[in-house]
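Computed from a predicted structure; not experimentally measured. Chain identifiers are assigned alphabetically (A, B, ...) following the order of the sequence lines, protein sequences preceding nucleic acid strands; residue numbering begins at 1 within each chain.
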Amino acid sequence: DTAVSQTPKYLVTQMGNDKSIKCEQNLGHDTMYWYKQDSKKFLKIMFSYNNKELIINETVPNRFSPKSPDKAHLNLHINSLELGDSAVYFCASSQVGIGTAFFGPGTRLTVT
Amino acid sequence: QQQVKQSPQSLIVQKGGISIINCAYENTAFDYFPWYQQFPGKGPALLIAIRPDVSEKKEGRFTISFNKSAKQFSLHIMDSQPGDSATYFCAARNALSGYNKLIFGAGTRLAVHP
């Protein structure tokens with residue numbers, strides 16, 4: 001299936017820990033994103049990479065560090081997790097010039 | 001201003017009725033307006049999209065109406081079905097920001113009662 005996939009789907013961890021979320025797309029897109037959806041379901045862009053280059057970096061704490069090893073993969077590493085980081089994180093991809101973004105299934109992060 | 005304002009926050013419609021969700025924006029640099037549908041536990045999925053040079057786009061039971069002068073657009077779901085119960089997001093892309101950065105509305109939780 002052509003899609004955007006993320007692992008893990010659920011992540012429960014304690015404050016202060018470091019965790020990573022992985023994303024892969026096989027749609028052949030050149031741009032990938034991380035979005036955060038809070039408890040009120042508000043969706044906000046965090047980062048975007050185009051061909052492995054960081055192009056959008058919203059005002060996100062520097063505890064969040066994205067990494068793109070190639071244009072089909074975009075990972076999100078979070079250091080020193082805080083309670084407020086609890087949310088659903090969505091990876092998405094698109095092709096430059098075409099507005100449609102395709103979203104992954106999400107990773108529900110719960111920090112206790 | 002990057003904001004997209006969406007209303008209502010929640011909507012209850014009887015089966016067979018018309019669901020209408022409205023969005024408004026300020027930034028005239030927005031050039032692409034998609035609507036996404038999200039079911040619980042799933043990622044948002046593109047439903048239908050429109051560009052500002054078109055006033056209406058219809059795909060099956062879903063129609064986007066676009067009013068460029070008023071900077072408003074709306075989603076109409078005709079003959080609403082219980083399976084349409086989901087959260088709907090309008091969004092807008094800023095052509096000047098490049099790379100398809102989408103600004104989302106706050107979402108509308110639609111419940112279609114049988």
Enumerate the disulfide bond (SG atoms under 2.5 Å apart) contacts for residues 4-112 of chain A, please, sequence neighbours excluded, ordered by first and then second residue. C23(A)-C91(A)
Please state whether the side chain, the backbone, both or neither of L46(B) comes within less than 4.5 Å of a heavy atom of chain A. side chain
Using a 4.5 angstrom heavy-atom cutoff, name the option from G41(B), A45(B), G43(B) with the most pairs to chain A. G43(B)
Contact origin within Q9(B) toward chain A - heavy atom pairs under 4.5 Å: neither
Between the CZ atom in F66(B) and the OG atom in S74(B), the distance rounded to the nearest 0.5 Å is 10.5 Å
Where does K9(A) contact chain B at under 4.5 Å (heavy atoms): side chain, backbone, both or neither? side chain
Can a side-chain donor-acceptor contact be found between S94(A) and H29(A) if the only test is distance below 3.5 angstrom? no
May I ask you to check whether N67(B) and S69(B) show a side-chain donor-acceptor distance below 3.5 Å? yes
Residue F33(B) versus chain A: region with a heavy atom under 4.5 Å: neither
Donor-acceptor contacts, no H, no angles, side chain residues 97-112 of chain A, under 3.5 Å, sequence neighbours left out:
residue : atom : partner : partner atom : Å
T100(A) : OG1  : Y32(B)  : OH           : 2.8
T107(A) : OG1  : Q6(A)   : NE2          : 3.2
T107(A) : OG1  : P8(A)   : O            : 2.6
T112(A) : OG1  : T13(A)  : O            : 3.3

How long is the span from the CE atom in M46(A) to the CG atom in L76(A), to the nearest 0.5 Å? 5.0 Å
Which portion of I45(A) sits near chain B, non-hydrogen atoms under 4.5 angstrom: side chain
With a 4.5 angstrom heavy-atom cut-off, is it the side chain or the backbone of P34(B) that approaches chain A, or both, or neither? neither
